[in-house]
Amino acid sequence: MSPLYQKQHLQIYNSLSGTKEVFKPLLEGNVGMYVCGPTVYSNVHLGNVRTFMSFDMAFRYLKHLGYKVRYVRNITDAGHLEDDADQGEDKIAKKARLEQIEPMEVVQQYTIDFHNILQKFNCLPPSIEPTATGHIIEQIEIVKEIIENGFAYEKNGSVYFDVLKFNESHDYGRLSGRKLEDMIANTRELAAQSEKKNPQDFALWKKAEPQHIMRWPSPWGEGFPGWHLECTTMSTKYLGEQFDIHGGGMDLKFPHHECEIAQSEASCGKNPVNYWMHANMLTLNGKKMSKSTGNYINPGQIFTGENEFLSKGYVPGVARFFIMQAHYRSVLDFSDEALQASEKGFYRLMEAVHVLKGLEASSTSSFSIQEWIDSCYAAMNDDFNSPILIAQLFEAVKYIHQLKEGKEKLSAEDLEVFKNTINAFVFDVLALEDSTASADANTDKLSGALDLLIKLRTEARANKDFSTSDQIRDALLEMGIQLKDGREGTTYSINQ
RNA sequence: GGUGUCGUGGCCGAGUGGCUAGGCAGAGGUCUGCAACACCUCGUACAGCGGUUCGAAUCCGCUCGACACCUCCA
């Protein structure tokens with residue numbers, strides 16, 4: 001069978017061109033994708049999770065289409081400067097000093113937290129997850145190349161990228177739509193004592209002050225790499241000088257991604273990325289979630305409900321469903337009310353998927369399932385439009401009920417395709433975890449006990465002993481077990 | 001101040017020059033011992049003001065408002 005991508009033509013919104021473009025990888029059938037990972041100096045917050053979840057969905061869809069994808073996502077465990085002045089201290093070192101532990105201990109702790117959280121949200125691990133500290137040598141090599149090519153200069157043990165020089169022969173600012181002249185005109189003259197030739201220049205290598213704990217030897221003395229360099233280095237190393245997709249949060253577009261382009265072009269002379277993808281912000285109270293301003297919620301609090309903005313806890317699948325209901329390029333505002341709405345929709349969808357499993361085929365089909373399938377692919381091919389896909393899934397929910405009631409029919413072949421498609425989109429692409437299914441998979445004993453309770457309640461109802469029957473029903477509901485009285489007896493569902 | 005994005009029904013959130021997503025909430029109904037669950041039916045919204053057009057919420061201009069980036073942040 002030929003791979004799906006030969007039939008399904010994916011379009012991706014490219015931040016570089018500002019338009020949707022047909023996706024065509026450099027090497028047919030293969031995709032190289034790089035996503036900027038977290039800086040591990042504190043717990044990831046829900047806004048971070050949204051971005052990684054968006055690219056997880058993209059990764060999953062590319063794989064679904066039959067592409068062989070190498071997905072690289074870095075861990076930033078060194079280098080991010082605390083401020084632009086010459087403090088020479090990065091966030092990880094500062095945190096380590098405050099907590100009186102080794103920097104790598106901080107890194108380890110928050111890397112584990114990051115992995116745990118993403119796993120809970122059903123994100124696949126990337127193919128390669130390189131660390132900045134593991135690629136110091138490679139970073140130094142790139143700095144050397146940039147100096148050799150005349151686009152960087154050394155000053156007092158630090159190396160800076162010469163943006164003005166670069167802009168003479170290249171276009172600095174084309175990703176973010178900025179013009180260097182405008183930037184110069186609007187510069188705030190604060191860092192007057194800076195070693196930089198121009199305020200727009202950025203550090204490739206920073207000299208380590210004596211109190212700085214994270215340091216490595218280099219041709220320019222002991223120091224540490226600048227904060228844009230790692231991504232250039234590691235994407236080049238694992239995906240090549242040119243690769244297909246580079247993703248990250250919208251807030252990284254400038255200066256981070258702009259600097260990456262500049263570094264690549266200044267070192268190897270090639271435009272590194274064909275498709276730039278930027279995921280939009282998750283807001284809280286209408287404002288961007290941000291560690292530095294304190295306007296954020298920790299992902300773990302979603303599950304427990306321990307947050308002033310939450311009325312209760314939610315299973316990870318609900319949060320994922322909520323996020324997938326918005327397009328990745330739109331700002332999404334987080335609220336308890338919106339999450340509650342998503343929760344109901346999520347369980348309704350999952351219930352229907354459950355019902356679908358037990359449906360039986362007819363000899364013929366009364367409607368075209370292929371038309372529906374096409375609309376699902378059309379949604380995803382249109383720049384990963386997961387909200388439209390979900391709308392189509394709710395169309396499928398209607399079909400499922402009509403099939404169940406015998407109002408519509410599907411042949412064995414069509415039913416099989418229907419089931420496969422639903423499973424592919426719900427579980428493989430959107431990765432909505434079916435918490436109801438996992439609950440009853442390992443609860444044989446519970447289901448036996450429930451069957452008994454249902455039997456007792458049915459008998460009580462037959463005897464018109466409604467106080468007993470209602471007691472059973474209400475007590476179970478308290479525990480999150482919903483009894484459902486149908487025409488053919490009572491069934492139940494377990495909500496977590 | 002500069003750059004960019006956006007402003008959609010009670011809420012969330014797609015989309016688009018004419019065929020008017022979807023979810024939640026709400027209303028009515030079927031089912032039920034009463035319920036819950038489930039299912040069926042129902043809402044003609046697109047910031048304001050001009051303009052282009054046979055026709056705009058969708059294109060253009062202006063106004064107002066919001067957000068993001070310009071400084072570490074997904």
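The sequence lines fix the lettering, A, B, ..., with proteins before strands; numbering per chain opens at 1.
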Could you tell me the separation between the NZ atom of K179(A) and the P atom of C70(B), rounded to a whole number of Å? 19 Å
Between R473(A) (side chain) and L483(A) (backbone), is there a donor-acceptor pair under 3.5 Å? no
Side chain to side chain donor-acceptor pair (under 3.5 Å): pairs with one or both residues in residues 111-120 of chain A, sequence neighbours excluded: H115(A)-E129(A)
Give a yes/no on whether any side-chain N or O of K291(A) is located under 4.0 angstrom from OP1 or OP2 of A74(B). yes
For RNA chain B, what residues of residues 380-394 of chain A have any heavy atom nearer than 4.0 Å? N385(A), P387(A), I388(A), A391(A), F394(A)
C73(B) base / T39(A) side chain donor-acceptor hit below 3.5 Å: no
Could you give me the stems involving RNA chain B, meaning stretches of three or more consecutive Watson-Crick or G-U wobble pairs whose two defining distances are both below 3.5 Å? B:1-7 with B:64-70, B:10-12 with B:22-24, B:26-30 with B:38-42, B:47-51 with B:59-63
Could you name each residue pair satisfying salt bridge (Lys or Arg N to Asp or Glu O under 4.0 Å) that touches residues 323-339 of chain A, not counting sequence neighbours? R329(A)-D383(A)
Expected output is a numbered-order residue list: members of residues 42-60 of chain A with a heavy atom under 4.0 Å from any atom of RNA chain B. What is it? H45(A), G47(A), N48(A), T51(A)
Just to be sure I understand the rule, does A326(A) reach a base, reach only the sugar-phosphate, or reach nothing, if contact means heavy atoms closer than 4.0 Å? sugar-phosphate
Heavy atoms under 4.0 Å is the rule here; annotate nucleotides 34-40 of chain B 5' to 3' with B where the base is hit, S where only the sugar-phosphate is, and - elsewhere. BBBSSSS
Can you check whether S330(A) has a side-chain N or O nearer than 4.0 Å to OP1 or OP2 of U5(B)? no
K287(A)-Y296(A) side chain donor-acceptor pair, cut-off 3.5 Å: no
Can any side-chain N or O of S158(A) pair as donor or acceptor with the backbone N or O of K207(A) at less than 3.5 Å? yes
